Amino acid sequence: MSKGITKRSDDYSRWYTDLVLRSELADYSPVKGCMVIRPNGYALWENMQKELDGMLKATGHQNAYFPLFIPESFLHREKEHVKGFAPECAVVTYGGGKELEEKLVVRPTSETIIYSMYSKWIQSYRDLPLLLNQWANVVRWEKRTRLFLRTTEFLWQEGHTVHETEQEAEEEVLRILEIYRTFLEDYLAIPVLTGRKSEAEKFAGALRTYSIEALTQDRRALQAGTSHNLGQNFAKAFNVNFQNRKGEMEFAWQTSWGVSTRLIGGVVMVHGDDQGLILPPRIAPTQVILIPIWKNDEEMREILPMLASIQADLKGVARVASDTREEYSPGWKFNNWELRGVPLRIELGPRDAAKKSVMAVSRLDRKKCVIPQGEIRSRIPVLLEEIQKNLYDRALAFREENSSEVDDYETFRSLMAEQPGFVNAFWCGQASCESKVKEDTKATIRVIPMKETGEKGACILCGNRSEGRVTFAKAY
RNA sequence: CGGGGCGUGGCGCAGCCUGGUAGCGCACCUGCUUUGGGAGCAGGGGGCCGGAGGUUCGAAUCCUCUCGCCCCGACCA
């Protein structure tokens with residue numbers, strides 16, 4: 001057991017907080033609800049950024065940067081949007097010692113400021129599609145915060161695209177959803193459900209919202225990314241129009257989508273254990289930690305050069321670091337690097353040196369294997385990929401174990417109370433049934449699955465005809 | 001905003017009820033011995049007890065006010 005970390009089985013919520021603090025991903029700041037992302041956490045974010053940014057650029061998106069401040073009036077132009085965001089906005093009223101003529105809202109999201117510019121830039125169908133993304137911070141004055149999962153200020157990327165037709169916009173929204181799914185599954189090793197949000201859960205101002213949903217170890221849903229088809233709602237509010245191929249003026253079709261530093265919280269919650277973090281190799285800042293073992297100076301002089309040459313050997317093959325500190329014992333280092341979630345540890349001591357091998361230990365299950373030093377370069381990448389895959393498989397198995405189909409409300413209620421998870425049940429489509437379920441069980445509709453199975457049934461609550469199952473869960 | 005908890009060396013806490021000028025563990029520094037799952041011994045440095053006011057000969061401790069943080073709920077990526 002790692003010292004100072006609450007066990008998951010004792011108090012999952014405290015385990016999470018302990019882990020984030022102890023592994024030095026983040027720390028509380030002097031500002032309420034705001035956290036400091038420490039180097040360990042930020043390196044993780046940088047790796048996520050790098051991969052996702054590459055995927056977005058590969059699909060034709062470019063990065064840009066828009067202002068932090070938004071004139072207050074902009075927010076009010078789209079009725080639903082202001083209703084959704086105004087209550088959680090921070091507003092600047094003073095600047096340079098004077099009261100401002102127009103208050104400035106610190107962006108909670110950037111649709112309005114970005115689209116005011118789009119309206120200026122777009123004249124013709126030849127200007128479309130416009131595919132921009134920005135990496136930025138946003139501020140939402142949440143009533144209750146939680147490290148990474150919900151903080152007053154957070155980092156994210158927000159994509160904002162403009163299209164000629166409704167169909168193109170819809171294709172874009174689904175393309176992004178698929179990128180998000182791939183990114184989470186292939187890089188973060190987090191299996192996700194994809195689907196559409198109900199009217200109650202959709203983005204303020206959107207026509208339709210799609211999302212990816214992960215399941216944490218305490219069996220709650222974590223919304224990990226959203227992709228919105230904005231239709232022409234914002235185009236009308238910000239006059240984003242263009243002359244189409246027939247020579248007529250037409251409002252543009254827009255999308256917006258984002259993932260945030262919440263993903264870091266997701267990685268912690270989905271993969272972590274009582275020893276600490278477990279980072280998926282593909283995004284782990286350090287993939288392999290080399291730990292030397294010696295009893296005396298003579299052994300140290302033998303081991304250290306060998307360790308250095310192994311590190312050099314792995315250059316370009318894996319992200320490696322070695323911990324040659326003399327003030328800590330090997331046992332201490334084992335625990336410390338496990339806490340930090342480094343996927344693979346390589347131990348090199350006198351016994352290994354004699355055999356010209358090393359001991360590799362997986363963070364996932366502490367399984368050890370001996371690797372001849374000549375094979376390190378070829379074997380390590382294979383081991384890392386294996387850990388990546390096992391991590392995903394384990395998370396997927398957990399999700400499957402905690403997913404079910406339920407057809408009567410009593411079972412549904414007791415399940416949500418005792419052993420929640422993803423519960424697939426029939427829903428008639430009425431907001432009233434959705435909110436009653438929430439009131440009774442705290443569960444909400446996480447997604448309406450993309451693919452129709454064709455299976456019809458009766459709404460779990462009212463019994464009316466349902467066109468298909470939707471996925472309920474208690475959400476973060 | 002409602003409920004609960006907490007502010008005492010860097011961190012975690014005890015002391016407060018029954019006032020007498022601060023203690024423990026970890027961390028840190030020095031030295032020696034150690035090092036294959038969180039080493040041992042010895043020595044050492046560091047806090048005026050969230051803030052303000054009051055009671056008292058005397059306040060970390062009692063009273064009043066205040067600030068802040070964390071957790072649980074309603075709002076939410």
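All figures in this text were calculated on a predicted structure; none of them were measured in a lab. Letters A, B, ... are given to chains in the order of the sequence lines, protein chains preceding strands, and every chain is numbered from 1.
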Review item, nucleotides 39-47 of chain B N/O atoms under 3.5 Å of protein N/O:
| residue | atom | partner | partner atom | Å |
| --- | --- | --- | --- | --- |
| B:A39 | OP1 | A:Ser329 | OG | 3.4 |
| B:A39 | OP2 | A:Ser329 | OG | 2.6 |

Practice item. State, without any angle test, whether A:Tyr187 and A:Asn47 hold a side-chain donor-acceptor pair at a distance under 3.5 Å. Key: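 There is no such pair between these side chains.
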Review point. Looking only at atom C1', what distance separates B:G46 and B:A52, rounded to whole Å?
Key: 27 Å
**Study point:** Integer angstrom distance from the C1' of B:G23 to that of B:A60
**Key:** 12 Å
Check your understanding: For A:Thr17 and A:Ala200, take the nucleotide of RNA chain B holding the closest heavy atom to each; which residue's nucleotide lies nearer the 5' end?
Key ->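 In this pair, the answer is A:Thr17.
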**Study point:** Position toward the 5' end of RNA chain B (nearest nucleotide), A:Asp352 or A:Phe154
**Key:**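 Nearest-nucleotide comparison on RNA chain B picks A:Asp352.
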Review point. How does RNA chain B look in dot-bracket form if you count Watson-Crick and G-U pairs under 3.5 Å, write [ ] for pairs that cross, and put | where a base pairs with another strand?
Key: ((((((((.[[[[.)....(..]]]].((((((.....)))))).....[[[[[..)....]]]]])))))))....
Less than 3.5 Å apart, which donor and acceptor atoms pair up between the side chains of residues 298-312 of chain A and the rest of the protein, not counting sequence neighbours?
| residue | atom | partner | partner atom | Å |
| --- | --- | --- | --- | --- |
| A:Glu299 | OE1 | A:Lys295 | N | 2.6 |
| A:Ser309 | OG | A:Met306 | O | 3.1 |
| A:Gln311 | OE1 | A:Ser322 | OG | 3.2 |

Centre of [Y]'s six-membered ring, under 6.0 Å away, within 45 degrees of the axis: is that where NZ or CZ of [X] sits?
| X | Y | result |
| --- | --- | --- |
| A:Arg38 | A:Tyr42 | no |
| A:Arg345 | A:Phe334 | yes |
| A:Arg262 | A:Phe148 | no |

**Study point:** Side chain of A:Arg345 (C-beta onward), nearest among B:G37, B:G36, B:A77
**Key:** B:G37
Check your understanding: Out of B:G37, B:A77, B:A74, which has the shortest distance to the side chain of A:Lys442?
Key ->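 When the side chain of A:Lys442 is considered, B:A74 is the closest of B:G37, B:A77, B:A74.
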Practice item. Report the residue from A:Glu158, A:Gln157, A:His160 that forms a side chain to side chain contact (heavy atoms under 4.5 Å, CB included) with A:Trp257. Key: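 Going through the options one by one, the only one that passes is A:Gln157.
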Point to revise | Residue pairs passing the salt bridge (Lys or Arg N to Asp or Glu O under 4.0 Å) test where at least one lies in residues 349-360 of chain A, sequence neighbours excluded | key: none
Exercise for review: Quick one: which residue pairs count as a salt bridge (Lys or Arg N to Asp or Glu O under 4.0 Å) with a foot in residues 57-67 of chain A, not counting sequence neighbours?
Suggested key: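 Listed by first then second residue: A:Asp53-A:Lys57.
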**Study point:** For atom CG of A:Leu307 and atom P of B:G36, their distance in whole Å
**Key:**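 Roughly 16 Å, once rounded to whole Å.
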Distances under 3.5 Å between nitrogen or oxygen atoms of protein and nucleotides 6-8 of chain B:
none

